Amino acid sequence: MNTALKRWREAATVILAAGHKLGAEGLSCRTPGVGGDGGSLLHHRSDFDYDVLLLKRSSKSGFMPNAYVFPGGMVDSSDFSSDWLDVFKSFTSSPSFGLRTVKQPVERRPPIFATDRRKLGSPVPGEVALRICDVRETFEESGVLLVVSKKDEERLLQRAEDRCEAQQHVRPDVGSRELTQWRALVNQNPSNFIRMCRELEVLPNIWALHEWSNWLTPEGQYGTTRFDTAFFMCCLEETPSTLQDENEIVRFQVMTDTRSHYRGTKIT
């Protein structure tokens with residue numbers, strides 16, 4: 001993590017989009033109606049064949065209380081730990097651990113993506129650590145665990161550049177009770193996420209997260225703490241199951257059309 005930042009805290013957020021099948025109801029929504037001006041009207045659902053997962057913050061949250069947000073949170077030093085080199089041992093010889101190359105020139109990229117983390121003492125590339133942070137925070141907040149089994153390591157090595165492969169979301173073969181216990185441990189100490197991945201023999205699915213944007217918290221709107229946030233996109237075949245914690249997050253909502261929802265809602 002970049003400890004040289006004085007006024008900003010680095011964070012990572014993921015937009016989880018999941019495809020949904022159109023049944024009879026969905027097909028009927030695609031039937032045009034007639035508006036008052038004679039033009040055709042389409043139900044909002046007709047525009048999208050995917051859902052987006054939103055989380056509602058607690059009213060007691062110190063940052064953006066009651067707001068609907070995407071999963072994610074602050075970067076922790078453990079996300080840049082050298083222990084991850086052992087977890088991703090098979091991928092360390094591949095550029096950026098097998099992540100797809102970003103075409104944007106380095107000189108035009110936001111600092112959160114362009115900063116050479118080796119100069120900050122981190123052996124883990126920034127694009128890897130930020131994704132690890134996102135996977136960890138998503139698990140903490142929603143119970144959604146974006147991982148792949150170590151058993152699939154060879155296949156991942158061979159097809160790390162395959163876009164379709166990167167879309168796979170595989171939950172570890174453990175019960176919800178054990179996942180709940182791990183979730184509590186990771187919430188207590190983010191470094192337990194490394195321990196969890198080792199013991200469950202899984203890898204954070206960094207290849208499923210695709211770089212999308214970089215947003216900065218507007219000045220003077222949400223208190224003194226401001227965030228430099230890396231945004232990623234993750235496309236899943238099905239809407240993932242969530243686990244409520246009634247702590248930081250009090251509600252989950254799957255939206256098909258987020259445009260009207262966000263007219264009165266802040267996101268981070």
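Treat the numbers as computed from the prediction; the structure is a model and nothing was measured.
- Closest approach of T229 and N214 over heavy atoms only: O-ND2, 2.9 Å.
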Point to revise | Check against ring-ring contact (aromatic ring centres under 6.0 Å, His included), F91 and W207 | key: CA-CA 11 Å; F91 296 88; W207 308 278; 4.7 Å; yes
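- At least one donor-acceptor pair under 3.5 Å links the side chain of K150 to the backbone N or O of V87.
- For D228 (side chain) and E10 (main-chain N/O), no donor-acceptor pair under 3.5 Å exists by modelled atom type.
- Using modelled atom types, one side-chain atom of T217 and one backbone atom of F227 make a donor-acceptor pair closer than 3.5 Å.
- Linking Ile, Leu, Val, Met, Phe, Trp and Tyr whenever their side-chain heavy atoms come within less than 4.5 Å puts F88 and L85 in one cluster.
- Here the CZ-OG1 distance, from F232 to T13, works out to 9.5 Å after rounding to the nearest 0.5 Å.
- Using a 4.5 Å cut-off on side-chain heavy atoms (C-beta onward), C234 and L146 make contact.
- Remark: side-chain polar atoms of D76 are not paired, donor with acceptor, to backbone N or O of D79 under 3.5 angstrom.
- In this structure, R183 does not pair ionically with E141, as no charged nitrogen and carboxylate oxygen lie closer than 4.0 Å.
- Electrostatic pairing of E140 and R136 counts as a salt bridge here, judged by a charged N lying under 4.0 Å from a carboxylate O.
- Nearest heavy atoms, F193 versus I132: CE2-O, 4.2 Å.
- The shortest side-chain heavy-atom distance between Q104 and P110 falls under the 4.5 Å cut-off.
- For the pair S142 (side chain) and T138 (backbone), a donor-acceptor distance under 3.5 Å is present.
- Between D86 and R198 there is a salt bridge, since a side-chain N of the basic residue sits under 4.0 Å from a carboxylate O of the acidic one.
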Practice item. With side chain to side chain contact (heavy atoms under 4.5 Å, CB included) as the test, would you mind laying out the steps for L130 and V75 before giving the verdict? Key: CA-CA 7 Å; L130 289 169; V75 167; 3.8 Å; yes
